[in-house]
Number of protein chains: 2
Amino acid sequence: MKISAHEEYGLRCLVQLARAEVDAESLTLNQIADREGLSVANAGKLMWVLVKAGLVQSQRGANGGYTLARPASDIRLNEVIRILDEDTVDRFCKTHAGVLDACIHTSDCGIRPVIVGLHEIVQNALSEITLAELIGSEENVDARLHQIQKLQSPLRPMRSAH
Amino acid sequence: MKISAHEEYGLRCLVQLARAEVDAESLTLNQIADREGLSVANAGKLMWVLVKAGLVQSQRGANGGYTLARPASDIRLNEVIRILDEDTVDRFCKTHAGVLDACIHTSDCGIRPVIVGLHEIVQNALSEITLAELIGSEENVDARLHQIQKLQSPLRPMRSAH
DNA sequence: AGCATTCCTTACTTTTTCGTCAAGTTTAGA
DNA sequence: TCTAAACTTGACGAAAAAGTAAGGAATGCT
């Protein structure tokens, strides 16, 4: 259960754009790559994904650059992650079926809902955070995260099934 | 934000052992591999990780096999995932620092707490589920997951920082 | 004791993912 | 129109993950 390089880098680039938005500036590819320690080519490919998804606007030519398509306060992290994931969505049992062609658990599978449910939980948590909230100081972001986490109340155990 | 093959397969094997525990039986490697559609070699490697971590007990020789080291109702999924992750833990900014040696955000980073916080949220959700709860019917497991998800109350927005 | 069964361990091959390079296309300004 | 800045795209090579194979060691049964 880890976050991929694509996801993290994409998120970082968006945060840079969110910071630039405060001053109504646009960022060039070189600026973004520099600030995030990425190669220009890699950052370019990453930005293209975000542009294609409609999250970022690009302006070509001299004095061009990238800007957020919407205010940072309107962009929620679940949308960002969904875009950067893209391909990994929709393959639950299908890809991890092992040697078999079809999932061996098609009839009554205890694993599938766990996989799906976990993704839902993560998406749910992410939808509570906007890009704008990430440009604050580290302490603020940290506090925000723990605020979300605390609200997961303790649960009554479920009766054993069978 | 996806689950690796290791994690899913490992979880599946544990569920098989949990089912066998109900009848106080032990499962051989071939049985596990068969039921999960994995190659024997691959399942063997997987089981070895679980044995080493103390989650599973193994008995060599004729009539040998694998059994859970503890009752399934005592094994929570966060522990399972943590074991199967192992190597991916503890590398937040460090591994994804891009071209640079050190994280470019060491001073005041908005991304790091997000990465860490997300893992905590996932671990939190997982700690509410035990292996025993996964051997029920698919509907029960699904209901259980949504029960957890529902308890994430809506949050008040955090004031913008700066 | 010897044999069959089963787990344990190491090394290797295949596949996927990640990152980079290089060439091409579009735009803005002099 | 010409030039430079900037984005776009596809192909390539390196690194990591996933899966495979084979030999070794322990246990129980006859």
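Chain letters run A, B, ... following the sequence lines, proteins first, then strands; residues in each count from 1.
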When the distance from [atom1] of [X] to [atom2] of [N] is rounded to whole Å, what number comes out?
X: B/N42; N: D/dA17; atom1: CG; atom2: P; result: 15 Å
X: A/L29; N: C/dT20; atom1: CG; atom2: C1'; result: 14 Å
X: B/E7; N: D/dA18; atom1: CD; atom2: C1'; result: 13 Å
X: B/M47; N: C/dT9; atom1: CE; atom2: C1'; result: 16 Å
X: B/I32; N: C/dC7; atom1: CD1; atom2: C1'; result: 11 Å
X: B/L46; N: D/dA17; atom1: CG; atom2: P; result: 15 Å
X: A/K52; N: D/dT9; atom1: NZ; atom2: C1'; result: 12 Å
X: A/Q57; N: D/dA6; atom1: CD; atom2: P; result: 18 Å

Side-chain polar contacts of residues 41-48 of chain A - donor-acceptor pairs under 3.5 angstrom, sequence neighbours left out - could you list them?
none

Test side chain to side chain donor-acceptor pair (under 3.5 Å) applied to [X] - qualifying residues, sequence neighbours left out:
X: B/R60; result: none
X: B/E79; result: B/R70
X: B/E21; result: none
X: B/Q123; result: none

With B/V56, which of B/V49, B/L50, B/L27 fulfils side-chain contact (heavy atoms from CB on, under 4.5 Å)? B/L50
Sequence neighbours left out, what passes side chain to side chain contact (heavy atoms under 4.5 Å, CB included) with A/Q59? Give chain and number order. none
Excluding sequence neighbours, so at least two apart, what forms side chain to side chain contact (heavy atoms under 4.5 Å, CB included) with B/N63? none
Residue A/Y9, side-chain heavy atoms: nucleotide from C/dC8, C/dG19, D/dA18 that is nearest: C/dG19
Within the structure shown, what part of the strands sits under 4.0 Å from B/G65 by heavy-atom distance: base, sugar-phosphate, or nothing? sugar-phosphate
Enumerate all atom pairs, one protein N or O and one N or O from nucleotides 27-30 of chain C, separated by less than 3.5 Å.
from: C/dA28; atom 1: OP1; to: A/Q59; atom 2: NE2; distance (Å): 2.9

So does [X] get a side-chain nitrogen or oxygen closer than 4.0 Å to the phosphate oxygens (OP1/OP2) of [N]?
X: A/W48; N: D/dC7; result: no
X: B/T28; N: C/dC7; result: yes
X: B/S58; N: C/dT6; result: no
X: B/S39; N: D/dG19; result: no
X: B/Y66; N: C/dC8; result: yes

Closest contact, heavy atoms only, A/L38 versus A/C13: CD1-SG, 4.2 Å
For A/Q31 and A/T28, does a side-chain donor sit closer than 3.5 Å to a side-chain acceptor? no
For each nucleotide in nucleotides 10-15 of chain D, reading 5' to 3', give B when a protein heavy atom comes within less than 4.0 Å of its base, S when such contact involves only the sugar-phosphate, and - otherwise. -B----
